[in-house]
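In what follows, every heavy atom counts, from backbone to side chain, and hydrogens, waters and symmetry copies are set aside.
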Amino acid sequence: MNIDVKNYPDQDLKMLVHSLELISARIFESVVVTNQTACANTPEMNTMFHEWVSCLGDNIVSLVEKDGVIDPVAISKKIGVSSSTVLSLCLTLHREGKINISSLSAEKTDVPNREICGCIKG
């Protein structure tokens, strides 16, 4: 949306309304997806999901045993999930006592929130 400096207050309000429309649509979409997922949560689907998570966790444990290092970006490329998912799996494995996270290395970035859809920013 272009900003018209001659009519700034109206433009500001239009941008706010547009942002609220995008957020409302995203929330509605999230509710629909959550409902669809909940409706599909049969015992078989639940078992398959847990087996999939277990398989990913086993891959991470194997990499830790081999290298002793957790590189979320490299692991995510290797097993086909996001680096955020790898971090979540690592925390789960740590809580379960399957791995011990003894240190973390991080760097500051200016990357936008990876979990937020780009359409909300639009």
Side-chain angles (χ1 to χ4, degrees):
M1 177 173 276
N2 295 329
I3 297 175
D4 179 3
V5 291
K6 295 177 187 173
N7 198 5
Y8 191 72
D10 289 340
Q11 289 293 313
D12 201 28
L13 183 59
K14 287 180 185 178
M15 288 176 66
L16 175 63
V17 169
H18 181 69
S19 294
L20 291 173
E21 289 170 347
L22 291 173
I23 291 169
S24 297
R26 185 69 177 158
I27 290 170
F28 182 73
E29 176 189 20
S30 179
V31 169
V32 168
V33 169
T34 300
N35 184 49
Q36 290 171 340
T37 303
C39 290
N41 191 15
T42 64
E44 295 86 5
M45 291 292 286
N46 201 21
T47 298
M48 288 187 329
F49 174 75
H50 287 292
E51 287 176 6
W52 177 69
V53 169
S54 178
C55 181
L56 294 177
D58 290 346
N59 276 293
I60 291 171
V61 170
S62 293
L63 291 169
V64 168
E65 286 175 336
K66 179 182 170 206
D67 301 331
V69 175
I70 298 172
D71 180 347
V73 175
I75 293 172
S76 70
K77 290 176 183 174
K78 184 171 184 160
I79 64 177
V81 297
S82 71
S83 58
S84 294
T85 297
V86 171
L87 288 170
S88 294
L89 286 168
C90 289
L91 287 173
T92 298
L93 293 168
H94 177 81
R95 289 182 186 115
E96 292 175 348
K98 294 182 180 177
I99 66 172
N100 181 47
I101 300 173
S102 57
S103 66
L104 294 171
S105 176
E107 58 190 35
K108 184 181 177 329
T109 68
D110 292 328
V111 176
N113 188 328
R114 294 171 178 92
E115 305 298 321
I116 296 178
C117 174
C119 65
I120 292 177
K121 300 170 194 161

Between [atom1] of [X] and [atom2] of [Y], what distance do you get to the nearest 0.5 Å?
| X | Y | atom1 | atom2 | value |
| --- | --- | --- | --- | --- |
| Thr92 | His94 | OG1 | NE2 | 11.0 Å |
| Glu51 | Leu56 | CD | CG | 12.0 Å |
| Ile79 | Ile60 | CD1 | CD1 | 4.5 Å |
| Ile27 | Ser30 | CD1 | OG | 8.0 Å |

Report yes or no: do [X] and [Y] belong to one cluster of Ile/Leu/Val/Met/Phe/Trp/Tyr joined by side chain heavy-atom distances under 4.5 Å?
| X | Y | result |
| --- | --- | --- |
| Trp52 | Leu93 | yes |
| Leu91 | Phe49 | yes |
| Leu104 | Val86 | yes |

Review item, side-chain donor-acceptor pairs of residues 61-71, under 3.5 Å, at least two apart:
unit_1: Ser62; atom_1: OG; unit_2: Asp58; atom_2: O; d: 3.0
unit_1: Asp71; atom_1: OD1; unit_2: Val73; atom_2: N; d: 3.3
unit_1: Asp71; atom_1: OD1; unit_2: Ala74; atom_2: N; d: 3.3

Report task. For residues Ser83 and Ser76, report the shortest heavy-atom separation together with the two atoms involved. Result -> N-CB, 3.5 Å

Requested in this report: Mind running side chain to side chain contact (heavy atoms under 4.5 Å, CB included) on His18 and Glu21 for me, showing each step along the way?
Outcome: CA-CA 5 Å; His18 181 69; Glu21 289 170 347; 3.9 Å; yes

